[in-house]
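Here's the structure, in structure tokens; my notes come after.
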There are 2 protein chains.
Amino acid sequence: MNTATIIVPSRLDLLAQCSLFHNIAPTILTAVAQTSIQRRYARGNYIFHQSDRANAYYVLLEGNVRMTQLTPEGDQVIVHFFTPGQGVGIIAALGSFNYPLSAEAIDDCLVMVWNRALMMQLMEKYPRLAINAATMLAIRFKDMQDRFRELATERVERRIARTLLRLAKQVGEKNKEGILINMPLSRRDLAEMAGTTLYTVSRTLSQWEKKGLVKTGREQVIICSPHDLVTVAEDLPPSK
Amino acid sequence: MNTATIIVPSRLDLLAQCSLFHNIAPTILTAVAQTSIQRRYARGNYIFHQSDRANAYYVLLEGNVRMTQLTPEGDQVIVHFFTPGQGVGIIAALGSFNYPLSAEAIDDCLVMVWNRALMMQLMEKYPRLAINAATMLAIRFKDMQDRFRELATERVERRIARTLLRLAKQVGEKNKEGILINMPLSRRDLAEMAGTTLYTVSRTLSQWEKKGLVKTGREQVIICSPHDLVTVAEDLPPSK
DNA sequence: AGCCGTCTTTGCGCTGGCACAAAGACAGAT
DNA sequence: ATCTGTCTTTGTGCCAGCGCAAAGACGGCT
């Protein structure tokens, strides 16, 4: 597994698009990339597990990753999805604690890996890296804050709508029927993201399907009328 | 207001204790400090308001700051408290958006201020600054994640207990009666932090007071039996 | 002292959405 | 084809906690 990594030019381009490497000179980027290791994870495998010691820093090149957290009582909560170009495990690696959650590959994934201490050195040497990491964090933090407030003040239907819209933005794929959420997504997953139960999600989706807002299938949702869904998510629903 | 700042040695010590300035050489620290401006805010004043353009970076030297967010519907949520030594407004300043929330001085406060662009330059020059900022963010992020999960999965009583314990850790002051939450703290404040209503908070505190867990007053809470409160927050309550 | 505004408590009715149960649907394995 | 496990739907009961209302308590101000 710990094979040396050959960086082909196309891959460098890919790296340059990652938020972590914004505004990094190509020569530096090459140097940084060469200190990394590449790894593949097959669908369903874990990149790391909750409460593992956080000593690596990942950048996702291909595939999608789902972050889940298990509560002491055994409830699972889905905290985040990562799409290519994003940094995984930054938080724990920076704070140098154990991973507070697990990272699961929901597709076949390709990641670049840096040792924690090494990444620290790199950041000391190339401040831009540290600034970019902080910026990515800042954005995710704001996102989390919004979700928190949402959970505290909005009712379930609206939260589910927002969750769907957020997912659509992240992994939505337009086709003739509408926007397909392009990943296996069970009712339970949705429930855990929106902070409710799978029962309520199921009922809500059924209702929406009757109204033509969405089409649902096994582990699949297609948003047929994004506009109406936004209405549910934002405004007072237009009565009726 | 924009008067040049004289850094007296004792203040430098204070700065060195801030998370942002961990592991920064004293000479650099002095240089960095000299680029800042100091400002005072009287109790009740705002350091910045939600949706102001984020162009400054604050470090809190004295006093406490409360971060609140107003939802479109007008509900207020309290997101965070800052105590001396912490950086305020980092997130927005890094992400370069508008402040997503308001920062209110709940005591008389003394802060150091850097212009956003200036702080960026400093971070480029002294990577440790950027790393520290990222680390602080990472810690706060984790905290927020925990609160999110808590809100999604725990019942109200437990959330209130945790909120109190968190506050106790931040601004708790031991005295003969127990741990005093050393800041004006209304039922409504608590409710907004725990994600519930002031009614429920009031009832819950009354119950606890009957059991001798806490003593409450107008805008004041004293935790008499921290141990029992932890029990409420963590375990299944010991029946009865 | 008296007034006023805010904070707090408590009662009461109501409902959103949770919990459990049971049945159907679909996918993958053998 | 059949079995098995997971995913989904839907019905039903029920209660935690919200929302309103009304009254008391406290602090600050003039």
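Chain A is the first sequence line, chain B the second, and so forth, proteins listed ahead of strands; every chain is numbered from 1.
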message = Checking contacts here: which listed nucleotide (dG19(D), dC20(C), dC26(C)) is nearest the side-chain heavy atoms of Arg218(A)?
response = dC26(C)
query = According to a strict under-4.0 Å criterion, is Thr196(A) in side-chain N/O contact with OP1 or OP2 of dG17(C)?
reply = no
query = Should Ser202(B) be listed as having a side-chain N or O under 4.0 Å from OP1 or OP2 of dC7(C)?
reply = no
ask   = Does a donor on one side chain and an acceptor on the other come within less than 3.5 Å for Glu219(B) and Ser186(B)?
value = no
message = Just to be sure I understand the rule, does Arg155(B) reach a base, reach only the sugar-phosphate, or reach nothing, if contact means heavy atoms closer than 4.0 Å?
response = sugar-phosphate
key: OP1 or OP2 of dT8(C) under 4.0 Å from side-chain N/O of Arg187(B)   = yes
inquiry  = I want to check one thing: is the phosphate of dG17(D), taken as OP1 and OP2, less than 4.0 Å away from some side-chain N or O of Thr197(B)?
reply    = no
inquiry  = For a quick check under 3.5 Å, do Glu209(A) and Thr216(A) share a side-chain donor-acceptor pair by atom type?
reply    = yes
query = Where the side chain of Ser206(A) meets the backbone of Ser202(A), is there a donor-acceptor pair that is under 3.5 Å apart?
reply = yes
inquiry  = Check the phosphate of dT6(C) against Ser186(B), side-chain N and O only, distance under 4.0 Å to OP1 or OP2. Yes or no?
reply    = no
request  = Classify the angle between the aromatic ring planes of Trp114(A) and Tyr57(A) as parallel (below 30°), tilted (30 to 60°) or perpendicular (above 60°).
outcome  = perpendicular
remark   = With the side chain defined as heavy atoms from C-beta on, Arg203(B) is closest, among dA19(C), dC20(D), dG17(C), to dC20(D)
